[in-house]
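These notes are about the structure you will find just below.
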Amino acid sequence: MTRVLVLNSGSSSVRYRLFDGSEVVAKGHVERIGEAGGAAADHREALQGVMDELDLTGLAAVGHRVVHGGERFTAATVITDEVAAAVEELIPLAPLHNPGALTGIRVARKLLPDVPQVAVFDTAFHATIPPEGVLWAVDRELAARWGLRRYGFHGTSHAYVSRETARVLGRPVAETNVITLHLGNGASAAAVRGGRSVATSMGMSPLPGLVMGTRSGDVDPSVLFHLHRVAGLSLDEIEESLTRRGGLQGLAGVNDMRQVLEHRAAGDADAALAFEVYVRRIREYVGSYLAVLGRVDAITFTAGVGENAPEVRAAALAGLEPLGIAVDGARNDRGERVVSPDGSPIAVCVIPTEEELEIAEQTRRATGLAS
Ligand code: AMP
């Protein structure tokens, strides 16, 4: 009775993974839901298809990935009607992300009414960041009324890899300080002190911080005023530009780091500059989080780029030996778990992230199946 189904429902897709303990017994995805020629007309049909295919005997719980938990959800939460309504109320904070999850929750609860379901929030791990790390210096009343603050995202990933880093180093989690760099299509950095997040680079939305595949990361907010007033772009056009045509896509014309690296190697100046902007931003956050944490035991790279691009890891940390940070070329090229030389004051690690496994484990804990 330890099977847990993890569902990640987007606006037009559903990804699923069925766990037995920590073992994946089935996984897959349904794309282009509701689109002409897509496999399913709506989320109900997509999820019904998934459940018909899976052997759900002994299913103990369903875990749903939910991007935004707002101020209310600081841990994985068993879903009741009231919790589902609260996730719906958060849609204005995450208009691109929460609606898909909510549909997935509603449909799965109808299809599996007797199975406990849990919402696992991307924001929850960052609930431990102190107020001075989440507030911006803006009008307090406006901020309170409209929920303007940093929430942070990729929480399941930062939680998992920071814990794994301590395990790999053979240290207790509670005594280990880690800077985690989740570099995938989306990208974010976090400072984790003793297993608790104390700083992160994303904000109210997953737009700010590091340079991403198509998202800009940090920009001066005045850019928005300028684009609106002087360039005449609408707010929707500005949002579209910063979220879909920014990042590597904006700088290099391609959103995939593999292509950026290829074009750079072939002498493309735009790709070379995009790479420099990308790694420079990582360095700026690493430096900032060294100062926030004071003592750092490890810097950990994860996700598509972090796990697979030794060039990015080496360039982001180059020249930091005076700070106790070094990357061993051969270990880095092999992508070993620890890529710093033996005896480095700060270890540099590569830890593959396991967001679905983390969601399954948090689901088990929330439903009392595991402690
Ligand atoms: P993720 O969101 O974690 O799935 O990461 C996806 C991104 O990882 C892709 O868009 C690529 O840019 C990047 N990626 C995957 N494999 C490699 C690789 N071998 N080298 C560089 N980047 C990679």
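Order of appearance sets the numbers: ligands from 1, and atoms from 1 within every ligand.
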Within 45° cone and under 6.0 Å: Arg281 NZ/CZ vs Tyr278 ring: no

Could you tell me, atom by atom, which parts of ligand 1 come under 4.0 Å of a heavy atom of [X]?
| X | result |
| --- | --- |
| Ala309 | 21 (C) |
| Gly184 | 1 (P), 2 (O), 3 (O), 5 (O) |
| Ala303 | 3 (O) |

Nearest non-hydrogen protein atom, [atom]:
| atom | result |
| --- | --- |
| atom 19 (N) of ligand 1 | Asn308 CB, 3.3 Å |
| atom 20 (N) of ligand 1 | Arg258 CG, 3.4 Å |
| atom 12 (O) of ligand 1 | Met257 N, 2.7 Å |
| atom 11 (C) of ligand 1 | Asp256 OD1, 3.2 Å |
| atom 13 (C) of ligand 1 | Val305 CG2, 3.6 Å |

Heavy-atom protein contact below 4.0 Å for atom 3 (O) of ligand 1: yes

N or O pair under 3.5 Å between [X] and ligand 1:
| X | value |
| --- | --- |
| Asn255 | no |
| Leu261 | no |
| Asn185 | yes |

Ionic contact status for Glu356 with Lys27, cut-off 4.0 Å: no

salt_bridge(Arg258, Asp256) N-O dist < 4.0 Å: yes

Criterion ring pair (Phe, Tyr, Trp, His ring centres under 6.0 Å) against Phe153, the qualifying member of His126, His97, His68: His68

Backbone N/O of Ser234 and side chain of Glu237: donor-acceptor pair under 3.5 Å: yes

Ala318 backbone acceptor or donor facing Arg283 side chain under 3.5 Å: yes

Phe73 and Phe121 aromatic ring geometry - parallel, tilted or perpendicular at 30°/60° bounds: parallel

Aromatic plane relationship, His182 with His154 - under 30° parallel, 30 to 60° tilted, over 60° perpendicular: parallel

